[in-house]
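What follows is a single structure, written as structure tokens, with notes after it.
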Amino acid sequence: MNTMLKLGPAGAFGALALSGLPAWAQEGPIKAPTVEQMAGMVDKGDTTWMLVSSVLVLMMAIPALALFYGGLVRTKNMLSVLMQVFMIVAVVAVVWVVYGYSMTFTGGGPFVGGLSKMFLAGVGTGTYAATFSNNVYIPEYAFVIFQMTFACITPGLIVGAFAERIKFWPLMLFSVLWVTAVYFPVAHMVWYWSGPDFLSDNTADAGYLWGMGALDFAGGTVVHINAGIAGLMGCLVIGKRVGLGKENMAPHSLTMTMIGASLLWVGWFGFNAGSNLEANGLAALAFINTFVATAAAALAWVLVEQFRHGRPSLLGAVTGAVAGLVAITPASGFATPMTSIILGLVTAPVCYIFVSYVKGKLKYDDSLDVFGVHCIGGIVGAIGTGIVAAPSLGGQGWVDYSVFPAVAGTFDMTAQVITQIKAVAVTLVWSGGVSFLLFKGIDMVFGLRPTADDERQGLDQTSHGESAYNL
Amino acid sequence: MNTMLKLGPAGAFGALALSGLPAWAQEGPIKAPTVEQMAGMVDKGDTTWMLVSSVLVLMMAIPALALFYGGLVRTKNMLSVLMQVFMIVAVVAVVWVVYGYSMTFTGGGPFVGGLSKMFLAGVGTGTYAATFSNNVYIPEYAFVIFQMTFACITPGLIVGAFAERIKFWPLMLFSVLWVTAVYFPVAHMVWYWSGPDFLSDNTADAGYLWGMGALDFAGGTVVHINAGIAGLMGCLVIGKRVGLGKENMAPHSLTMTMIGASLLWVGWFGFNAGSNLEANGLAALAFINTFVATAAAALAWVLVEQFRHGRPSLLGAVTGAVAGLVAITPASGFATPMTSIILGLVTAPVCYIFVSYVKGKLKYDDSLDVFGVHCIGGIVGAIGTGIVAAPSLGGQGWVDYSVFPAVAGTFDMTAQVITQIKAVAVTLVWSGGVSFLLFKGIDMVFGLRPTADDERQGLDQTSHGESAYNL
Amino acid sequence: MNTMLKLGPAGAFGALALSGLPAWAQEGPIKAPTVEQMAGMVDKGDTTWMLVSSVLVLMMAIPALALFYGGLVRTKNMLSVLMQVFMIVAVVAVVWVVYGYSMTFTGGGPFVGGLSKMFLAGVGTGTYAATFSNNVYIPEYAFVIFQMTFACITPGLIVGAFAERIKFWPLMLFSVLWVTAVYFPVAHMVWYWSGPDFLSDNTADAGYLWGMGALDFAGGTVVHINAGIAGLMGCLVIGKRVGLGKENMAPHSLTMTMIGASLLWVGWFGFNAGSNLEANGLAALAFINTFVATAAAALAWVLVEQFRHGRPSLLGAVTGAVAGLVAITPASGFATPMTSIILGLVTAPVCYIFVSYVKGKLKYDDSLDVFGVHCIGGIVGAIGTGIVAAPSLGGQGWVDYSVFPAVAGTFDMTAQVITQIKAVAVTLVWSGGVSFLLFKGIDMVFGLRPTADDERQGLDQTSHGESAYNL
Amino acid sequence: MKMIIAAIKPYKLDEVREALTTIGVRGMMVTEIKGFGTQSGHTEIYRGAEYAVNFVPKMRLEIVVADSMTDTVVDAITKTARTGKIGDGKIFVMDVEKALRVRTGELDDDAL
Amino acid sequence: MKMIIAAIKPYKLDEVREALTTIGVRGMMVTEIKGFGTQSGHTEIYRGAEYAVNFVPKMRLEIVVADSMTDTVVDAITKTARTGKIGDGKIFVMDVEKALRVRTGELDDDAL
Amino acid sequence: MKMIIAAIKPYKLDEVREALTTIGVRGMMVTEIKGFGTQSGHTEIYRGAEYAVNFVPKMRLEIVVADSMTDTVVDAITKTARTGKIGDGKIFVMDVEKALRVRTGELDDDAL
Ligand SMILES: Nc1ncnc2c1ncn2[C@@H]1O[C@H](COP(=O)(O)OP(=O)(O)O)[C@@H](O)[C@H]1O
Ligand SMILES: Nc1ncnc2c1ncn2[C@@H]1O[C@H](COP(=O)(O)OP(=O)(O)O)[C@@H](O)[C@H]1O
Ligand SMILES: Nc1ncnc2c1ncn2[C@@H]1O[C@H](COP(=O)(O)OP(=O)(O)O)[C@@H](O)[C@H]1O
């Protein structure tokens, strides 16, 4: 299995080794360095990049995601959506430092980490986290923060599936249980490993899917498929909105939705390029791939609309952009700008079909298309990653960290695609199953849905006692 | 007294010295380096971090603060608030480069600096500013910019206290006089010192409160208490809004308030973590503390509302978040994530009481709760800093720069808390007193308040000849 | 001619050489380094700075510019403006990686580059782009991205001139043709050169205007004059809005305009300071100049309004700010903070006159004042750059890269101003002429303008089948 | 002719409109109003400041019809708008002396 | 029954509503309108483009009451809405032939 | 006195207002309404969900004038508001029994 050990692109590899330039570059890299040695392997440029990336990802959640969603609901529910996304960030941030980081990023098993770092025990200004290059480290707090922003935004994505008809506190409870039972384990499976300077000593010290060789540069499975399938379960358990199909449920402010989508695009560079953990040419590759895949997807969606309805819509443009961002997420560090464009062009129509037809046919009320965009787009991207990563297509391939120093691994596209599909399946089953049980359970115990009258009057007034606008 | 000399956390210290890695790390640090030597002590990672942090702090003022405040006023006064915050930034920026920087960051005396750097005389692309680490420098312009953003936002905070009933130009005049007579001196007292490579030669070359050993990592006293008490004076001098208690003064757009609050949270990392002046583990610590204290405060406020009114509100969530941001500001570089959470949990209820009860009881019309959130939250944070900084609680303690190279100082919690209280008192008295006189004086000479009819019609039309919305 | 070869400020020069600190600083810089050597000449602090700057410039386009413009149109056309700016970014991003980068940044001729880098052929994670310092490089992808954001925002600026009355697809076609025939060539003329380590071998290997010695730090000619004159041509070809002068065309949401303007200011630091390509004292200088010139221009505009109408307006404040940002763009790396303030104070009134009087007199319907603010402000700035760059005024002068290592050149203000005027003229003629032909051609073939009824009903419903608000 | 003014619950608007078209009503004017009546409003609390919102959003319909149609229309509205809950609304009938279609100048019943 | 239509200054709305409830009015319809009259509007200037806003925001009240109450209601409105400044507004009284409560079908005076 | 109620195309508002002032109308109430009539609305599609918007934005004018002026006013509105296209709108005339100016208490014709 260790021959399959991989993560992180290899193409940039030679360059990296060179540009890393640790003081002792001369003597070659140090295996399993001590913390004192790590202190000398930190580049402030990387630290700055990780802190900035964290800022960008937080901005993706608040205000970006909140506005993207909020603009799509009716005025009477605007605040409920803003509130849900905002408080999920707050609650999960606390959970993350209490036990989330430990469950996700300590060893312990292939499926979930341990509790040794509960309350961030042992983490300090003088401890460091590994990157994907030998002998390159970042302050551990910076890593904790960056990963925290991912945990904070993911459950926020789910709320779009049952927007306009959910009770606040039961949703908060769900979010805590969901990150605990779904997000932390899945993130551990995909992203946990002991690092390039340590893995070769114990190649088993890694998460299940990581060890399996699944490639997910920035969280296509962990974030999007994970949240997307959970959303579907949610809207199935909760049921349709009162008046669906009868009343006009047009977005109350596409202006807000456009602001949200734009800031999502802007912030996503922290999400994808930040996931490289280093500010180098590979981060720049992830950045440009994210940029053009999104552009291509927005364009594709608008063209589909032009052909289907004779008119391109702003909502179509921004929805396409988000679909592109979702799809490129796992591939961003592996593809080339050109293959990224193709990935974007392919993803948009697929999501369009789910959003505009499948949903209507299957009659589930995924209010803001969390499943159609995030889960479907995530799946296309996750599987596509297995293709665009191929060195034969200019892709970055994978790095074999089972040897020290790490070397480029040999790429087998078929095998890789199969591995990707396995990873997708595991995520769908785990997240779909557990999410369904959580929704059902909470619904039975506390009830997830407000009364029809409250839903009619709107959640802003009935759940929060406020109005979004008093113009 | 020099045994009390301190500033900047010590915990991270060992690590810092190591990770700094100046070319001559071998020969040990250079005392009082020449500007040529300083040129070699600059890390571009730090420079980038300071420029980015400055961008973030400016964003906190425009649009974040402007929107946070603007959303809370009635439609007819929206533009007046946006205009006030925007133009205060513009006016103070000019004042800052003309004489503000010089008054604040040159020696001269314990209470205020000199005029030797008026018009930024002597500042160039080849001059450098000290950080909190020996032999680590940043371009002086970067320091001038970072501090400029602080000066630009602080008077903007004040306007919330008398929003909807102030004349534009008298407010501009007040802002200029206030930064000159209050902000620059207080900032000099708290933040001016000759730097780690020079202080040991003349331990007296520092601001009054800095020398006294007051800990204020990012501006709890200088920014929040300072502005908060000034706001209270302002609303007392100006009086209540016409129709207060009779007419419905509900926020015209909580959507805008939520955008503002979210961007404040996002930008605040530049404010707090940027105040470390270096991109290292300590900056990351300040970052994560800012993150979780805010999250905890938002949660606490919402829980209080749930118990008091049976419903959590979005306005409560974002108000709590801002209270948390205010409270953690002075402590961000000293606390641990866990003590930060506690600080957040404590601050929210205290501010809640002032905002929801004290204000009503004492019948002052602090329109947007500048006093209740910024001054009170600032005081809780400033005093709390004396506790959470304690190494016994995992805090960072303080660094003794009176020796070269600097060493960790011995921490005495009681003494520290007393020092913190002294610093708070000095700020309250100085800012409160001078602000009151300035408001009174301007009111007598030019008049601060528009006519009742103009106030009724709204300041947008009467002061600016515009309407915020033409939907 | 090579004696005139220049670009990039010289003042900071000594300092730079020192602070660069490549590993072999001892042996002095290497001429025409190999790519392997370049790999060691990259500083992660610079890479981070370029990636962050790119994020900021993208944010300037979406959402900033879209909101700044969108807020100024009537509700019924809000989405059309948001859509145009958003999709221009998407389309141009794809064009850029396909052939734009190659046309702009490869040699080939003084007026336009070649096609050797079509589809980014030859660009990889291990290739590097030159900065303005000898032996300082950044990952080429980072340079491609940064320049891409400039190409994406520039055509977006144009749409303001004929907002509320243009068909979507013809505009997209225009944008593609315009960047191809105008933007790429002009950018090549102004910004292409072979870099400080290579130029001395072939001083002819540079764009026409660059070789002529025109100074344009961040794109005054390439971006603002270029777009501004194109906009004028557009509104002349398309004609006035239906109902102009008769109906009330007041901005539908100055709140959105203020958000947009604030984010433009915030993002512009990436635009101007990012154009330095390195995170050093010179970037900080460009940053502070951008800050204070903008502040001064906002103040100046508001004062003019106070004298002319007796009231300062928010729209005036933000328009002044944008005018200041435009004017300082070419000068940002050359001026001092004080001369920047003067440039801002001068620019605002000039633009005010064009916006408030000239436009009315000449009766062209430049809806959102693209010509009055961007073209006029750009001209004032471009010519002013020739003055403020003078070392005699504390300016940075110019660097002579025709020798290796580069040295400061001798500055002749009159000659420089003449060169600047030449550059402005070339841009006006090229962009004005080609743009006019493009508009005319597209109008004849496809028609640029919707029917009067559609224009009445609004483009949101008629072109996009949506409504911006359903409150 | 008569003008029939009705205040109904907002979400009933489309249903009522359809009901009216089926019985041959060719036009109406609809206004979003704040209704005040037995149906109580709600309270909002902003940072402890409590505001009683006494008004309830309603839709106000104005339909001008020939005298003969009046009752049919009133019945149609009553049927479709009724939910049985407080706040269903009111219908008022007033006399209209003259009607004119701007486009054609047609008068009275022909104008409707 | 009579319909009393009044245009008043917006900030007077709550006062008037209270005054009317105290004299036993049980409902009304309120509309935000643009008023045009002797009270002059204001001008707005956007980048030198001047717009005269001739309309003044007003609140329009419609109250249907039994004939007997008409004068009391008119007086109550007049008293509370009056400030003595131009723009206080107008009150119009019109006849209502029929009233109906949708919820119950009650007619005329019982419907109010 | 008569109340003249007119539904017109929004962009015609200013023209009509001017026309009316020139013939001596001193005031009116203007409401933004959703009009329903022969003029058809439009459809909007959001991510494949299609909504038929059956209402067209219109401006509703209410003008109370002395009986004598009624026809002049109706003519003035008809002339200025007419474009000949479907949706020009309607004019209705109703009787007003009483008018009062809140500020002065002046009655009927003096109140206008
Ligand atoms: N006297 C009245 N005059 C005008 N409109 C009225 C009157 N009474 C009620 N309305 C309108 O009818 C709506 C419903 O009336 P309400 O008393 O709340 O419920 P219900 O009609 O079921 O008794 C009110 O919101 C108001 O718009
Ligand atoms: N002839 C009229 N018909 C209908 N409404 C009117 C008429 N005249 C005035 N109004 C309404 O009354 C309001 C106040 O009238 P105005 O002449 O401005 O002040 P005042 O009533 O004090 O003379 C106007 O804004 C308008 O809404
Ligand atoms: N029966 C009616 N009662 C009240 N208002 C009506 C009626 N019919 C039409 N209207 C109003 O007149 C407007 C224009 O009418 P419409 O039939 O669309 O065009 P036209 O008047 O040219 O035939 C409608 O939008 C509506 O506001």
Side-chain angles (χ1 to χ4, degrees), chain B residues 62-63 66 70 72-84 86-87 90 162-169 172 239-253 360 365 367 449-471, chain E residues 6-23 25 27-61 63 76-90:
Chain B
I62 53 169
L72 292 173
V73 299
R74 289 163 292 176
T75 309
K76 63 185 179 183
N77 296 314
M78 176 61 166
L79 297 181
S80 69
V81 171
L82 299 182
M83 179 79 171
Q84 289 160 14
F86 193 89
M87 287 310 299
F162 37 76
E164 308 199 281
R165 57 188 191 284
I166 184 101
K167 286 197 271 170
F168 179 75
W169 290 113
M172 288 300 119
K240 298 180 191 174
R241 282 167 291 179
V242 167
L244 180 71
K246 279 206 253 67
E247 296 166 33
N248 183 325
M249 296 186 169
H252 92 281
S253 174
D365 183 15
S367 330
R449 191 163 187 157
T451 67
D453 276 359
D454 283 2
E455 193 177 329
R456 270 248 144 72
Q457 195 184 334
L459 302 184
D460 293 1
Q461 286 175 7
T462 56
S463 301
H464 306 298
E466 306 168 292
S467 298
Y469 309 95
N470 290 290
L471 298 173
Chain E
I8 62 169
K9 292 189 163 160
Y11 73 90
K12 282 288 189 181
L13 178 60
D14 281 318
E15 262 176 87
V16 171
R17 204 203 71 252
E18 279 161 26
L20 291 177
T21 6
T22 47
I23 59 165
V25 171
M28 68 184 79
M29 299 185 277
V30 179
T31 319
E32 292 174 2
I33 62 161
K34 310 172 172 198
F36 177 68
T38 349
Q39 181 188 5
S40 57
H42 66 282
T43 29
E44 301 187 349
I45 306 182
Y46 299 98
R47 287 184 182 169
E50 207 158 327
Y51 298 113
V53 180
N54 301 296
F55 294 97
V56 190
K58 296 281 175 202
M59 283 294 177
R60 176 176 175 282
L61 280 52
I63 309 141
I77 299 178
T78 318
K79 276 200 201 56
T80 25
R82 181 177 292 171
T83 69
K85 295 220 194 69
I86 285 190
D88 278 350
K90 304 269 192 279

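Sequence lines set the chain letters: A, B, ... in the order given, protein chains first and strands last, and positions in each chain run from 1. From a predicted model like this one, the values you see are computed outputs, not experimental measurements.
- Between L13(E) and L61(E), the closest side-chain pair of non-hydrogen atoms falls below 4.5 Å.
- Summarising the geometry of V81(B) relative to A66(B), their closest heavy-atom pair is CG1-O, 4.1 Å, with the distance given to 0.1 Å.
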Record all donor-acceptor atom pairs with a distance under 3.5 Å between chain E and chain B; write none if the list is empty.
residue	atom	partner	partner atom	Å
H42(E)	NE2	Q461(B)	NE2	3.4
E44(E)	OE2	S467(B)	OG	2.5
I45(E)	N	G465(B)	O	3.4
Y46(E)	OH	S467(B)	N	3.0

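- Closest heavy-atom contact between I63(E) and G27(E): CG2-O, 3.7 Å.
- Across every non-hydrogen atom of I166(B) and P450(B), the tightest pair is N-CD, 3.8 Å.
- The minimum heavy-atom distance between A468(B) and L79(B), with the atom names listed, is N-CD1, 3.5 Å.
- The side-chain contact (heavy atoms from CB on, under 4.5 Å) test applied to T22(E) returns no partner, not counting sequence neighbours.
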